[in-house]
Amino acid sequence: MSVIGKLRWKFVLINMLIVTAMLAFIGTFFIVSVSDSLREDSVDLLNQVIMQDGMPMFSLGKEQDQEGFGRFSDDGGSVSLPYFTVSVLATGQAVVVTNQFYDLDEDTVEAVVSLCLEQEETSGVLRDYSLRYLRSSTVSGWRLAFADISQEESTIRSVVQNTLLMSLAALVAFFVISLLLARWAVRPVEQSWQQQRQFVADASHELKTPLTVVLSSADMMEKHSTAMTEKERRWLENIQASSLQMKELVEELLVLARSDANESKAAPPRAAEPQRPGGGHPAPV
């Protein structure tokens, strides 16, 4: 992958991380808000009905009223959630006081009352029965209120699923938009990079010719100069060594330019630098 391609994907990755964080925050905030609102509704209901007076409908251990629990009507007004309240006397007898519940039977009431009295907290949720309870002590014993939260749980599940689906769709849409934005944002960098690469290739080609002339001239001087002093010979060796180094750098620049243009070739072996008879690299005098 080219440098420009990596830059594009980095741009897309940063955008997607930001969008994902924002969607996660917004989705979590929305789900928590809906959940808290539904919970407050049921808690408010329990607070309103726990001390509500009414004629006992059913005493556990005795014969159930012929009308049943689900047909009780509260004269105080309509209730948005199914609920029922139970009064537990000091003797341990539980009496259903009010009922706005559906398909409630004696065994269920006995089980939830017993489970509620075992809880340390005065309010909470009985997950096995999808009930939220509120417990209050009275002079004669306990007053218990239960609200059905099955609809609340179903609503929260639906909100979570819809939020996830909408977030996923938004992520896909933002991914496509990020790709388009990455191409647009990186285009000036890509053009500048192409111009720089072209300049390096052109400059390298232009430098090869004078370097070849310098090296050829130095070789000719070395072959045909018989009366050259030791100092002049060291000067000539310095010219040859520096020219070879520059030629090697130019060739490496050409290889780099071709590699950036997806025309990568194997780099030529580094030319050995000429050494003085005493060893080591020639130094200018």
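- Under the 4.5 Å side-chain criterion, counting only non-hydrogen atoms from C-beta, Glu40 is not in contact with Val43.
- The side-chain heavy atoms of Ser114 and Glu110, taken from C-beta on, include no pair separated by under 4.5 Å.
- In this structure a side-chain-to-backbone donor-acceptor pair under 3.5 Å is missing from Ser154 to Ser150.
- For the atom pair CZ (Phe174) and CD1 (Ile18), the distance works out to 11.0 Å, reported to the nearest 0.5 Å.
- If you take CG on Leu117 and CD on Gln119, they are separated by 9.5 Å, rounding to the nearest 0.5 Å.
- Note: Phe84 CZ to Thr98 OG1 = 9.5 Å, rounded to the nearest 0.5 Å.
- When all heavy atoms are compared, the tightest approach of Arg143 to Ile50 is CG-O, 2.7 Å.
- In this pair, Phe146 and Tyr133 present their aromatic rings tilted. The plane angle is within the 30 to 60° band.
- Ile177 and Ile14 fall into different hydrophobic clusters, defined by Ile, Leu, Val, Met, Phe, Trp and Tyr side-chain heavy atoms under 4.5 Å apart, directly or through other members.
- With values rounded to the nearest 0.5 angstrom, Leu215 atom CG is found 5.0 Å from Leu244 atom CG.
- The minimum heavy-atom distance linking Ala94 with Val86 is given by the pair CB-CG1, 3.9 Å.
- In this structure, the side chain of Thr28 engages the main chain of Ala24 through a donor-acceptor pair within 3.5 Å.
- Residues Leu38 and Glu153 are not in side-chain contact: their nearest non-hydrogen atoms beyond the backbone lie 4.5 Å or more apart.
- Side-chain contact between Ser130 and Asp148 is present, with at least one heavy-atom pair separated by less than 4.5 Å.
- Connection of Leu115 to Val113 is established within a shared hydrophobic cluster, with ILVMFWY side chains joined at heavy-atom distances below 4.5 Å, either directly or through further cluster members.
- Of the residues listed (Val160, Leu165, Val159), the one engaging Thr163 in a side chain to side chain contact (heavy atoms under 4.5 Å, CB included) is Val159, and it is the only one.
- In this structure, the side chain of Ser242 does not engage the main chain of Ile239 through any donor-acceptor pair within 3.5 Å.
- In this structure, the side chain of Thr155 engages the main chain of Gln151 through a donor-acceptor pair within 3.5 Å.
- The number of heavy-atom neighbours closer than 6.0 Å to CE of Met16, taken from other residues, nucleotides and ligands shown, is above 12.
- Of all the heavy atoms in Cys116 and Leu144, the pair that sits closest is SG-CD2, 3.9 Å.
- In the hydrophobic clustering of ILVMFWY residues, with side-chain heavy atoms under 4.5 Å counting as a link, Ile149 and Val34 come out apart.
- Listed here is the closest heavy atom pair of Leu45 and Ala147: CD2-CB, 4.3 Å.
- Val109 and Val125 are assigned to two separate hydrophobic clusters, defined by single-linkage of ILVMFWY side chains at heavy-atom distances under 4.5 Å.
- One distance of note links CD of Glu248 with OG of Ser243; it measures 13.0 Å at 0.5 Å rounding.
- Side-chain contact between Glu152 and Ile156 is present, with at least one heavy-atom pair separated by less than 4.5 Å.
- There is a path of hydrophobic side-chain contacts, each under 4.5 Å, that joins Val12 to Val19.
- The minimum heavy-atom distance between Thr85 and Val49, with the atom names listed, is CG2-O, 3.4 Å.
- The distance from atom CD1 of Ile31 to atom CG of Leu164, rounded to the nearest 0.5 Å, is 6.0 Å.
- Using a 4.5 Å heavy-atom threshold, the side chains of Phe11 and Leu181 count as touching.
- The two residues Glu121 and Arg135 make their nearest non-hydrogen contact at O-NH2, 3.3 Å.
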